[in-house]
Amino acid sequence: MPTPSAPARAGDPWEMALRQFHGAADHLRLDPGVRELLSRPRREFTVHFPVEMDDGSVRTFTGYRIWHSPALGPTKGGLRYSPEVWINEVRALAMWMTWKCALHRLPYGGAKGGVACDPRALSRAELERLTRRYATEISPLIADGSDIPAPDVGTDAQVMAWFMDTCSMHRGYSVPAVVTGKPVSIGGSAGRAEATGRGVMIAAREAARDCGMRLAGSRVVVQGFGNVGSVAARLMHAEGCRIVGVSDVCGGIYNPRGLVPDAVARHVRETGGVAGFPGADRVSNADLLELPCEVLVPAAIEGQITKDNAPRISARVIVEGANGPTTPDADEILAARGILVVPDILANAGGVIVSYFEWVQDLQSFFWSEEEVNAHLARLLVHSYRGVAALARARRVSLRTGALIVAVERVADALRRRGLYP
Ligand code: GLU
């Protein structure tokens, strides 16, 4: 269970997402009708469903699947299992998926789903029953050509395997392309498990280059040591960075001489968390964000960098591994302080980009090597980064506003071209 050090989040994510969207819409002088349409999710599906627990009791869980916009194609976005899942969080995450897919020219709209539950407190059998029933409840929306889920906070390749199997049982034959982030043995893509963290490393490399800083030798702090943060830490360490602080839901560790991410990961496997790692000082999640470093990677949840701690952040560059870790108020403070923020929809898109590769491989039943996957990922991300950076410079806006301008414009253009039905 989370200790009091677990990161608290600030504000309402949906309000945050709307404020960011309206900022970009103002820059674009977006048509009021399009603005109104895009400021609401297209479809919101809420389900309350029963799950039998191991002790024979029955509990009712609440889940969601929300489509923000299907304008650019079938909707895409992860499934989150966390006690904090609520409708406005899922709405915000769905909207961010729309912009993320559009920014990288993936042929997808944006969606997100989640179940309010604590996956750490469920047995494996309970997790499987919950996943199969949730998949069944939201199945009217899900298909390889309509809406394709993937992992997010609290879910993993095994959960995706149960999800895929459930959809396949309903259909009567295997439909691997219905979900991405699966184990490689059942149609997952090489490189998918590492893709988000790899993308964060690539974004950090681009950002360092952009502000004339050497990534090798720079001090890095990573909040969140899950699938995104642990991989980002390992790959940035391999690039020559000094990983001075990392944290997870139970707290953080700090060693100014540097931590070896593989050794920390081993400690996590053995003890269940980063706390107590030998030779490191203990820090809270809040203090971790303010540690002296050049690169800060928030890779946990939304609302971590706020107007309260932004004045004390010491990093030169923030690379957002999480979705929505920086509030709009904090963004303004960081910009005024000259801190470069590489926004979530740019920095953490490695996951959905390789999800797209996985979907394409499944549909073609033709699989790529990990080298091919990584090369395509790097090419696509670097291209997107440089495009956004050039636009942001030209318009004198932040990378976040630049990225949103590109994405919102593409979605608005698709809506105009498709026209209104009827
Ligand atoms: N949950 C990830 C994200 O927030 C991946 C989504 C996907 O692969 O569809 O981008």
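For the single chain, residues carry numbers from 1 onward in sequence order. As the structure lists them, so they are numbered: ligands from 1, and atoms in each ligand from 1.
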Around [atom], find the nearest protein heavy atom and jot down its residue, atom name and distance.
atom: atom 7 (C) of ligand 1; answer: Ala150 CB, 3.3 Å
atom: atom 5 (C) of ligand 1; answer: Arg192 NH2, 3.7 Å
atom: atom 8 (O) of ligand 1; answer: Ser355 OG, 2.5 Å
atom: atom 3 (C) of ligand 1; answer: Lys100 NZ, 3.3 Å
atom: atom 9 (O) of ligand 1; answer: Lys76 NZ, 2.8 Å

Those atoms of ligand 1 less than 4.0 Å from some heavy atom in [X]:
X: Val352; result: 7 (C), 8 (O), 9 (O)
X: Gly351; result: 8 (O)
X: Lys112; result: 1 (N), 3 (C), 4 (O)
X: Met97; result: 3 (C), 4 (O), 6 (C), 10 (O)

Can you find a non-hydrogen atom of [X] under 4.0 Å from ligand 1?
X: Met160; result: no
X: Pro151; result: yes
X: Arg80; result: no
X: Gly77; result: yes

[X]-[Y] aromatic ring centre distance below 6.0 Å:
X: Tyr64; Y: Trp86; value: no
X: His68; Y: Trp96; value: no
X: Tyr108; Y: Trp359; value: yes

Open item on the list: Less than 6.0 angstrom from the centroid, inside 45 degrees of the normal: does Arg43 satisfy that with respect to the ring of Trp67?
Closed with: yes
Hey, is [X] close enough to [Y] for a salt bridge, meaning N to O under 4.0 Å?
X: Glu126; Y: Arg59; value: no
X: Arg19; Y: Glu332; value: yes
X: Arg35; Y: Asp26; value: yes

TODO: Please report the closest heavy-atom contact between Val231 and Gly197, naming both atoms and the distance.
DONE: CG1-CA, 3.9 Å
TODO: Could you tell me whether some N/O pair between Thr180 and ligand 1 is separated by less than 3.5 angstrom?
DONE: no
Task: Asn323 contact mode with ligand 1 (heavy-atom cut-off under 4.0 Å) - done: side chain
- [ ] Test Glu89 against Lys112 for salt bridge (Lys or Arg N to Asp or Glu O under 4.0 Å), laying out the working first.
- [x] CA-CA 9 Å; Glu89 183 187 61; Lys112 203 80 174 196; over 6 Å; no
TODO: Nearest 0.5 Å please: distance from the NZ atom of Lys182 over to the CD atom of Glu358.
DONE: 3.5 Å
